[in-house]
Amino acid sequence: MTSKFPPGFEQDANNLAIDFDGVIHNFDKGYHDGTCYGDPIPGSLEALKNLSSKYKIIIFTAKAKPSRPLVNGKTGIELVREWLDKHGVLEYVSEITSEKPRAILYIDDNGYRFNNWENTISFMQEKL
């Protein structure tokens, strides 16, 4: 699997990138007031704990974008970090970012598994 990573970045083959909203955190109100208001998605906390024993867990979220306005005087990274700490899983997370990190797998509720453009366009016409 390391062949998918550029020379010098082989250690990134152990990265597991997990979306925050809708995968770890219940995001049923959308942006709402900008806070991390939701409950954990069932199984998410246990998964973070278990997966962190084998993988470097990187949380990716639009909340971490530097251009995002402060919410209650806090950055999105601070809000996500507080939520993870409140639920006892901050220690299992190596990084919180808005960037798509190099990773062996991306776990995201809004993802689409690309195979070819014909199927992709067909899927988009049916679903969007």
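Because the structure is a prediction, the values reported are computed rather than measured.
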Q: Does any non-hydrogen side-chain atom of I57 lie less than 4.5 Å from one of L51?
A: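 Yes. Closest side-chain heavy atoms under 4.5 Å.
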
Q: With rounding to the nearest 0.5 Å, note down the distance linking CD1 in I104 to OH in Y55.
A: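 Output value for this atom pair is 5.5 Å.
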
Q: Spell out, yes or no, whether L79 and I18 are grouped together once hydrophobic residues are joined by side-chain heavy atoms under 4.5 Å, including indirect joins.
A: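 They do not share one cluster, since no chain of ILVMFWY contacts under 4.5 Å joins L79 to I18.
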
Q: Identify, with sequence neighbours excluded, every residue that meets salt bridge (charged side-chain N to carboxylate O under 4.0 Å, His left out) alongside D12.
A: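 Only R102 meet the salt bridge (charged side-chain N to carboxylate O under 4.0 Å, His left out) criterion with D12.
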
Q: Are there more than 12 heavy atoms of other residues, nucleotides or ligands under 6.0 Å from atom CG of N72?
A: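 Open: at most 12 neighbouring heavy atoms sit under 6.0 Å from CG of N72.
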
Q: Answer with yes or no after comparing the ring centroid distance for W83 and Y37 against a 6.0 Å cut-off, counting only values under it.
A: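 Not under 6.0 Å, so no.
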
Q: Apply side chain to side chain contact (heavy atoms under 4.5 Å, CB included) to the pair T75 and L70, showing each step before the final yes or no.
A: CA-CA 5 Å; T75 67; L70 296 179; 3.7 Å; yes

Q: At what distance, to the nearest 0.5 angstrom, does CD of E118 lie from CZ of F123?
A: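 Here the interatomic distance stands at 15.5 Å.
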
Q: Using the test ring pair (Phe, Tyr, Trp, His ring centres under 6.0 Å), find all partners of Y31 that sit at least two apart in sequence or belong to another chain.
A: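 By the ring pair (Phe, Tyr, Trp, His ring centres under 6.0 Å) rule, Y31 matches no residue at all.
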
Q: A quick test of your reading: do over 12 heavy atoms of other residues, nucleotides or ligands sit less than 6.0 Å from CZ of F60?
A: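 For F60, atom CZ is crowded (more than 12 foreign heavy atoms under 6.0 Å).
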
Q: Does any N or O in the side chain of S52 come within less than 3.5 Å of the main-chain N or O of L48, such that one atom is a donor and the other an acceptor?
A: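 Flag set: sc S52 to bb L48 pair under 3.5 Å.
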
Q: Could you grab the distance from atom OG of S44 to atom CG of N26, nearest 0.5 Å is fine?
A: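 Nearest 0.5 Å value for the OG-CG distance: 10.0 Å.
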
Q: Are any non-hydrogen side-chain atoms of L90 and R81 less than 4.5 angstrom apart?
A: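 When only atoms from C-beta onward are counted, R81 and L90 do touch, with a gap below 4.5 Å.
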
Q: Are I41 and V23 linked, directly or through intermediate hydrophobic residues, by side-chain heavy-atom contacts shorter than 4.5 Å (ILVMFWY only)?
A: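 No.
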
Q: For the residue pair N15 and K56, what are the closest heavy atoms and their distance?
A: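 N15 and K56 have their closest heavy atoms at OD1-CD, 3.2 Å.
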
Q: Is there a side-chain contact between D19 and I107, using heavy atoms and a 4.5 Å cut-off?
A: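 D19 does not reach I107 side chain to side chain.
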
Q: Give a yes or no on whether E82 atom CD has more than 12 heavy-atom contacts from other residues, nucleotides or ligands under 6.0 Å away.
A: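 Counting neighbours around CD of E82, more than 12 heavy atoms of other residues, nucleotides or ligands fall under 6.0 Å, so yes.
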
Q: Considering only heavy atoms from C-beta outward, does the side chain of I58 approach that of T97 to under 4.5 Å?
A: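 A side-chain contact under 4.5 Å exists here.
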
Q: Can K63 be said to sit on top of F20's aromatic six-ring, NZ or CZ under 6.0 Å from centre and within 45° of the ring axis?
A: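 Because its charged atom misses either the 6.0 Å distance or the 45° angle limit, K63 does not stack over F20.
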
Q: Measure from the ring center of F27 to the ring center of H32 and say whether it is less than 6.0 Å.
A: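 When the ring centroids of F27 and H32 are compared, they turn out to be at least 6.0 Å apart.
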
Q: With hydrophobic residues grouped by side-chain heavy-atom distances under 4.5 Å, do L16 and I96 end up in a single group?
A: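 Yes, because L16 and I96 connect within a single hydrophobic cluster, where side-chain heavy atoms sit under 4.5 Å apart.
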
Q: Considering only heavy atoms from C-beta outward, does the side chain of L84 approach that of V80 to under 4.5 Å?
A: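 Sidechains of V80 and L84: in contact.
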
Q: Please tell me if the side chains of H25 and I59 come closer than 4.5 Å, counting only heavy atoms from C-beta onward.
A: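 Answer no - side chains too far apart.
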
Q: Do F114 and I121 belong together in a cluster built from hydrophobic side chains that touch within less than 4.5 Å?
A: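 Linked, F114 and I121 end up in one cluster.
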
